[in-house]
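Some notes on the structure that comes next.
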Amino acid sequence: MHRSSSRRVWIAQLSSMGIGSLAFQRALAHQVSLANAVSSEMIRDAQWIADIELTEAEQTLLAKQIQSQLENERKLRALNINVDVGPALAFVPYFFAENLPEQIEEHATQSAAGPAATRNASWFTRQEAEHRLAAGAQAVDWQDERTMAASGIVQQARALRSGQITSRRLTELYLERLKRFDPELRCVVTLTEELALEQAAQADQELSDGKDRGFLHGIPWGAKDILAVPPYPTTWGVGAYRDTVRPNLATVVRRLNEAGAVMLAKLSVGTLAMGDQWYDATTKNPWNLQQGSSGSSAGSCSAVAAGLCTFAIGTETLGSIVSPARRCRVMGLRPSFGRVSRYGCMTLAWSMDKIGPIARHAIDCGIILAAIQGSDARDPTVVDRPLEWPADFEVTKLRVGYVESELSPAEKLVFEMLEAQGAKMIPLVFPQSIPLQPLMVGLDVESAAMHDPLFREVQSDSELGRWGPSFRESQFARGIHYVQSMRARTLLIQETERVLRNVDVMLGGDDLTRTNLTGHPSMVVRTGTEKMQNSNRNSEAASSELAAATAPSTIKLTAKYFGDSQLVAVADFVQQQMPASPELPTGM
């Protein structure tokens, strides 16, 4: 590029950023065009526009980040997007006009109550559950703590109605285990014991009176601590918020309350929903206490893996269900974007956040999703779409996609099993024409906007977890970059959907960034067994046992948009053919 042309481009970019006077823009543009790079000195001179003060180290890092940001913009410009392609965002003013703040409680209650009466019945009937148990599902000794703790929703629901157990007994068991194992796992932020015992007593009374709310009635669960549950604090994993009570009950919690579920605790989340380290501790993986549980649904996956609750709710923006579910070897379902209301849940990125279930059994994830899905007057992104158990599921009719180079050893074993059972295995190729990294500006900018008050209030990056550098960089992001990235996401969504429509599910795949940008559903499945690499305890007495310790393996499945029920059906089939073993970690 000719130097004078280069200067004009830089002046235009700086002007769009709002950085400085025209004279300053010309001077800085001249420096950049000569150096073809952003320097820390340039950042020092321009930092006033973001109304922040930067150390020399921060100036150096930010210069590199903005240089990378500008390179990403150039990659987007090279796409030459068709003029008819709009951004993957829709302006829906009628939604907000129809749901005025003074009317929202009435509308939300109606929208929640409508689908709730039929959710569980339409997903998995009691008759199908009885058939499943009669066909050889694991029997439970309701006098044995470990097998009771590891039992699933279907087993517990049957026992509650047959009188073998009570919700209070289940609740007390899990509360005791939460208290006993949390000092090691550090998965509990707030124990909601009083609420849990009240809800359990209510569930027992209602079931005794013949008022049956469905499969989740009387079942104990845990909430990721970014779901608002007044009057309890909702900390978002941030020390500055450890006593913050958020007044608006999360829709997911509201719907689980309506389903009769029993909330045991607020479970840990990495600071501002990244990682497994929160203001008080690092949450541990129950299968290896020398290892963090991954994040950000750190406490939810840790507690389910250790048998401290029947199920939990997690969230994902860029791997926060899938990653800890793999690490902790549990079932984690990240639903299609638009399935579940995010109201009352901490926002990280409005265009990427999803809420989903975490459990030990595939069918449990479907039952939970059926209870929490559906439109809500508080979240304009959510729609009502069918979620039905595929009664005619036949493995010989199953089309399973895969990318051969992206199959883990456990996924290769499942591949062989499915192929031997008659499933059609179909190799998939995803186009690589759209670069993914430039599209991540959406997460960066949306999270920085959401948490800007905290960013400007804290004294050091340590209070922001891992977000400090990203929040600083986003102060200099250009609006045009964000909008163009959303237009490119439209193309990414379309090309990904075209590939996934060729199959019922995809096995494996290194696609976390792609499918979180597009909103496609994925599920981690615990199945089979593998030898552990690290010990869970340090005592000599346990060393020989732990040297040969085993744990369940995990695989990942992905589906087309709103293919969530097919995901669960295939996961359930895989789990029946290759049961996960052992159920719980050694010593828990």
Return yes if a side-chain donor-acceptor contact under 3.5 Å exists between [X] and [Y], otherwise no.
X    : Y    : value
K266 : T192 : no
Q156 : S151 : yes
Q199 : N257 : yes

Which atom pair, heavy atoms only, marks the closest approach of [X] to [Y]?
X    : Y    : value
A410 : T554 : CB-O, 3.7 Å
A312 : L267 : CB-CD1, 4.1 Å
I372 : R255 : O-NH1, 3.3 Å
Y561 : G519 : CE1-O, 3.2 Å
D182 : C187 : OD1-N, 2.7 Å
G295 : S323 : O-CB, 4.1 Å

Checking side-chain contact (heavy atoms from CB on, under 4.5 Å) for the pair L264/L191: CA distance, chi angles, key distance, verdict? CA-CA 6 Å; L264 300 166; L191 199 68; 5.6 Å; no
When the side chains of residues 296-308 are checked against the rest of the protein, which donor-acceptor pairs come out under 3.5 Å, sequence neighbours left out?
| unit_1 | atom_1 | unit_2 | atom_2 | d |
| --- | --- | --- | --- | --- |
| S296 | OG | K224 | NZ | 2.8 |
| S296 | OG | S320 | OG | 3.0 |
| S297 | OG | K224 | NZ | 3.0 |
| S297 | OG | T315 | N | 3.1 |
| S297 | OG | T315 | O | 3.1 |
| S297 | OG | S320 | O | 2.8 |
| S300 | OG | I313 | O | 2.9 |
| S302 | OG | K284 | O | 2.8 |

Could [X] and [Y] be called an ion pair, given the rule that one side-chain N must be under 4.0 Å from one carboxylate O?
X    : Y    : value
E394 : K397 : yes
E258 : R254 : no
E316 : R334 : yes
K556 : D511 : yes
E495 : R514 : yes

Excluding sequence neighbours, so at least two apart, what forms ring pair (Phe, Tyr, Trp, His ring centres under 6.0 Å) with W467?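 Partners of W467 under the ring pair (Phe, Tyr, Trp, His ring centres under 6.0 Å) test: F471.
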State which residues pass salt bridge (charged side-chain N to carboxylate O under 4.0 Å, His left out) with R501; sequence neighbours excluded, sorted by chain then number.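 E497.
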Does E198 have any salt bridge (charged side-chain N to carboxylate O under 4.0 Å, His left out) partners at least two apart in sequence or in another chain, and if so, which?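 Salt bridge (charged side-chain N to carboxylate O under 4.0 Å, His left out) check on E198 returns nothing, list empty.
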Salt bridge (charged side-chain N to carboxylate O under 4.0 Å, His left out) contacts in which one or both residues fall within residues 410-430, not counting sequence neighbours: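 Checked against salt bridge (charged side-chain N to carboxylate O under 4.0 Å, His left out) - neighbours excluded - the pairs reaching residues 410-430 are R326-E411.
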Is it the case that the side chain of S162 and the backbone of A159 share a donor-acceptor pair, with hydrogens and angles ignored and the cut-off at 3.5 Å? yes
T283 vs W278, side-chain hydrogen bond (donor to acceptor under 3.5 Å, both in side chains): CA-CA, chis, key distance, verdict: CA-CA 8 Å; T283 301; W278 49 294; 3.3 Å; yes
I'd like a table of donor-acceptor pairs (distance under 3.5 Å, sequence neighbours excluded) in which one partner is a side-chain atom from residues 398-405, with atom names and distances.
| unit_1 | atom_1 | unit_2 | atom_2 | d |
| --- | --- | --- | --- | --- |
| R399 | NH1 | N502 | O | 3.2 |
| R399 | NH2 | D504 | OD1 | 3.3 |

